[in-house]
Amino acid sequence: MFMKIFSLLMLFTLSNISVMAQNTSLEELSVSELKRRLSRQNPDTIKIKLKIALGRVLLVKPGGGSREIDAAMRFSTDAEHLSRRIGYSKGIINAILLRALSLNKKNEPDAGLKTAKEALAYSTKIGEEVGIAESYIVIGQHYAISKPEQLVKRMEYYRKASDIFRKTQNFYRLASSLQGDAEMLLLNRQHMEAIKILFEAINVNKSIGNKSIQGIYWLIGRTLNELGDFPSALKYSLLAIKSAKAVNDTTLTVASINFTTSTIYTYMKDYRNALPYTLKALEIAKHYKDSDYIFTISISAAFNYTRVNKFDDALKFLRNIWQYAKNDADSLYIMTYFLDNLNHAKKYKQAAFYAGEVTRLLKKIPPDNFNNRITAYNFLATHYIDTRQIKLAYQYADKYEAVVRSFNFPIGIRSVENMYYKLDSLQGNYKSAIKHHLLSEEIKDSIENVTKAYQVSLLQIENDTEKKNNDIDTLTKAGQAKDDAMKRTQLMQKAITAAAVLLAIITALIFSRYRLKQKTNRKLEESQRELDQKNAYLESMNTEQDKLLKEKEWLIKEVHHRVKNNLQMVTSLLSSQTTYLDNDAAILAVNDSLRRMQAMSMIHQKLYQEDNVSTIYMPEYINELVYYLRDSFDDNNRIIFNQKIEQLHLDVAQAIPLGLIITESIVNSIKYAFLNSKPGIVDIALGQEGPNHLLLFIADNGTGLPEGIDKSPLNSLGLDLMQGLARQLKGTFQIENNNGVQIKIKFIKPEKNI
């Protein structure tokens, strides 16, 4: 009777295997906490890491849908763009992988695989080994765990990733990838290999101080449960629950742990102890509104309630889960457990109806759907044995036997031998019945022997792990003691050396001082009077010069202040005048003049506000100018301005023409490059061009220069003004189409750039 529970557990395993391991410890944080941290003023690399972590957390968020996927895609794009701008290779790799995971979640596996391979190629090109490992994991996830040959391929990618994490001593990621390796080994029925890796994962987590190991304990318990070592399985499942409580884990993992614990009790036929864990798992599943969990756990709850003779409670669960049935396979499961409940309650007439429904639904289930068929065959055979319908009982017992033998599942094979024992006994064929009974006992002994062998292996693994843990503690303490002793020795050596050097220096100084003292005393006395006179004269001169310099700086600042105020007054007058104009062209011309005057006014404002009254710090000035222009047009930030301005200080004669050129270029881009409120990008760069020149580069990705530029609005005062300003800078002016408009101003670098 255990095969039906085994099929449910395997279904639960397949639905819960990790599809995306944590990339960083940031992914342990909640969505709200990640958003809060992202809202702070962070350095670019921290901002990139937070965006990637938030995107990955959204993808695994319980109940997440298209909205979360779209948000993750946006975070991927933002992180990649920022990473490329600052040359942060790890950010580029993780952003591409986030895009691949988002495409997978969006049911676009081909695009996801192509993107993951793009991350692998980039990581290989720059020699980023951790990036290669992360790419292997995402590529591996494209191979199905339900198909043996693809599962093996997936395992190969995960192992290659684990090898790289070991080599690079990236223990945080190694711990996570080892857990993924073990899950796949478990699915591939390589149980002891899975347990060995899980104990290695425990050691790795201990070495990095990570206490969130409930998932590892859970996998060990789940594996031992499949091996039939139920006491050991229960031990590790309860350790998993204890570990989850210690770190306040309330995720769906806790539902999985409780479900596995209830399943172990069910295998041990301790149905009363199974029920509390089943109900706890169901409570968590309902909290997260996960329909697959709710369906599977409710089936288990109904089975356990039936076994403790609480038939009405079992039927209540079965009636409630109809809303979660998605297909004929789900309907067959529900009908099968209705049949089990009524048959166990000896309500054979009502059970006969559900036997008919199960038979009808079996015809709709694909032949390779063993999970559904094996449970149905088992319950049908049991029902027909109990109702003495021998022919039908043999028919479904034979079908049940074919499936369990194909799986080579000992508990199921023993169960079918017991069925044949009962059927042969009912027909009076006692010789055959005894044969089946002996086979059943032989299988039981074999299971117990195998279980004992596994228990011995487990004890050996536990002992080896304990020894390794002790070795880790011993080595840690020995290393710490060695470090302390070495530090003390080094400190003593440094102190002795310093004392010797200091003594030698003091001796040399005393001797030198003695020789020089007599020689210098005479010269000092002779020159003292002369120095006193010169010092008095220089002091009076310095005082006068300081006074003159302060007056000069004050006058220069006052000039810049007055120029700025006069420009603001003219700006205000022009702005007021626009209210009396009804000609659009005139209003446009006045507004253009206002922006140009504001660009000049900002320079004079900076000159009288800063200590340096002769030069302008260009990164700060251009940033404020761009902010002003974007704010003037109120474009809801639809245009992104990328600035790459070197640390330059230019005098007023060069800063004003550059400010006006930037103003004209940005205004033209906003007004003509991105029509119909289309979003876009404007790049602004100012920096060294060769040993003696500077280059101003402005480009947008808009519609570009129109054909017949002579008739374009660009070929007016704005274009003439930019060309004239370039000549004023003694530079060259170039404008061209290249996926938008590009403007280049190359001019002579000032002789002295502070």
Side-chain angles (χ1 to χ4, degrees), residues 1-8 10-11 266 291 294-407 412 415-427:
M1 298 295 287
F2 291 119
M3 192 60 194
K4 52 191 169 292
I5 296 298
F6 171 75
S7 65
L8 281 175
M10 287 306 298
L11 176 66
T266 301
S291 58
I294 294 171
F295 183 86
T296 304
I297 298 170
S298 295
I299 288 283
S300 179
F303 178 82
N304 285 311
Y305 272 123
T306 297
R307 292 307 172 277
V308 297
N309 297 323
K310 292 187 176 182
F311 303 115
D312 291 339
D313 290 331
L315 291 173
K316 182 180 178 181
F317 271 95
L318 293 173
R319 293 188 189 103
N320 286 339
I321 61 173
W322 275 111
Q323 59 184 305
Y324 301 107
K326 300 175 181 177
N327 48 45
D328 289 332
D330 290 346
S331 299
L332 175 60
Y333 255 130
I334 298 171
M335 288 296 186
T336 300
Y337 281 88
F338 269 114
L339 170 61
D340 172 64
N341 176 276
L342 294 168
N343 200 66
H344 202 78
K346 302 188 185 305
K347 297 180 179 180
Y348 297 122
K349 288 185 179 180
Q350 292 174 266
F353 168 78
Y354 288 100
E357 287 298 298
V358 170
T359 304
R360 180 182 64 81
L361 286 168
L362 272 171
K363 297 175 182 178
K364 298 183 178 183
I365 304 302
D368 60 351
N369 191 334
F370 297 117
N371 281 333
N372 290 79
R373 286 184 173 275
I374 197 169
T375 308
Y377 294 155
N378 188 351
F379 285 157
L380 284 170
T382 301
H383 169 71
Y384 290 128
I385 290 172
D386 290 347
T387 56
R388 305 296 191 271
Q389 300 181 60
I390 306 301
K391 184 177 180 181
L392 287 172
Y394 268 117
Q395 177 184 335
Y396 287 105
D398 290 344
K399 290 182 178 182
Y400 181 56
E401 180 188 26
V403 178
V404 295
R405 288 194 182 278
S406 68
F407 275 110
S415 175
V416 81
E417 291 297 338
N418 285 330
M419 288 182 183
Y420 288 135
Y421 164 72
K422 291 178 182 178
L423 286 168
D424 288 343
S425 297
L426 288 173
Q427 290 187 302

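The residues of the chain are indexed from 1 along the displayed sequence.
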Subject >> Contacts of type ring pair (Phe, Tyr, Trp, His ring centres under 6.0 Å), residue Tyr354, not counting sequence neighbours >> reply: Phe338

Subject >> For Pro366, side chain to side chain contact (heavy atoms under 4.5 Å, CB included) partners two or more places apart >> reply: Asp368, Asn369

Subject >> Ala325 versus Ile334, closest heavy-atom pair with distance >> reply: CB-CD1, 4.0 Å

**OP:** Run through Leu392, Leu362, Asn343 and flag the one making a side-chain contact (heavy atoms from CB on, under 4.5 Å) with Leu380.
**Re:** Leu362

Original post:
What's the spacing between Ile294 CD1 and Ile299 CD1 if we round to 0.5 Å?
Top reply: 13.0 Å

**OP:** Test side-chain contact (heavy atoms from CB on, under 4.5 Å) on Ser300 and Thr296 and set out the steps.
**Re:** CA-CA 7 Å; Ser300 179; Thr296 304; over 6 Å; no

**OP:** Specify the closest pair of heavy atoms between Met419 and Ala381, including all atoms of both residues, with the distance to one decimal.
**Re:** SD-CB, 3.8 Å

**OP:** Applying side chain to side chain donor-acceptor pair (under 3.5 Å), name anything that partners Glu357, two or more places apart in sequence or on another chain.
**Re:** Arg360

Subject >> Listed partners of Thr387 passing side chain to side chain donor-acceptor pair (under 3.5 Å), at least two apart >> reply: Gln389

**OP:** Would you please name every residue forming a side chain to side chain contact (heavy atoms under 4.5 Å, CB included) with Phe311, sequence neighbours left out?
**Re:** Thr306, Asn309, Asn341, His344, Ala345

**OP:** Check whether any side-chain N or O of Asp340 sits under 3.5 Å from a backbone N or O of Thr336 as a donor-acceptor pair, and report yes or no.
**Re:** no

Subject >> For Ile365 against Arg373, the heavy-atom pair lying closest together >> reply: O-NH2, 2.6 Å

Subject >> Pairwise side-chain contact, Tyr396 with Thr359, heavy-atom cut-off 4.5 Å (strictly under) >> reply: yes

Subject >> Pair listing, side chain to side chain donor-acceptor pair (under 3.5 Å) test, anchored in residues 315-330, at least two apart >> reply: Asp292-Lys326

**OP:** Kindly write out the residues that satisfy side chain to side chain donor-acceptor pair (under 3.5 Å) with Gln395, not counting sequence neighbours, or none if the list is empty.
**Re:** none

Subject >> Distance, nearest 0.5 Å, that separates OH of Tyr305 from CG of Leu315 >> reply: 12.5 Å

**OP:** Any pair with a residue in residues 384-394 that passes salt bridge (Lys or Arg N to Asp or Glu O under 4.0 Å), sequence neighbours left out, goes on the list, sorted by first then second residue, please.
**Re:** none

Original post:
If you take all heavy atoms of Phe317 and Ala302, which pair is closest and at what distance?
Top reply: CB-CB, 4.3 Å

Subject >> Residue pairs, two or more places apart or on separate chains, that pass salt bridge (Lys or Arg N to Asp or Glu O under 4.0 Å) and touch residues 395-404 >> reply: Glu401-Arg405

Original post:
What do you reckon, are the aromatic ring centroids of Phe379 and Tyr337 less than 6.0 Å apart?
Top reply: yes

Original post:
Residues in side chain to side chain contact (heavy atoms under 4.5 Å, CB included) with Ala393, at least two apart?
Top reply: Tyr384, Ile385, Leu423

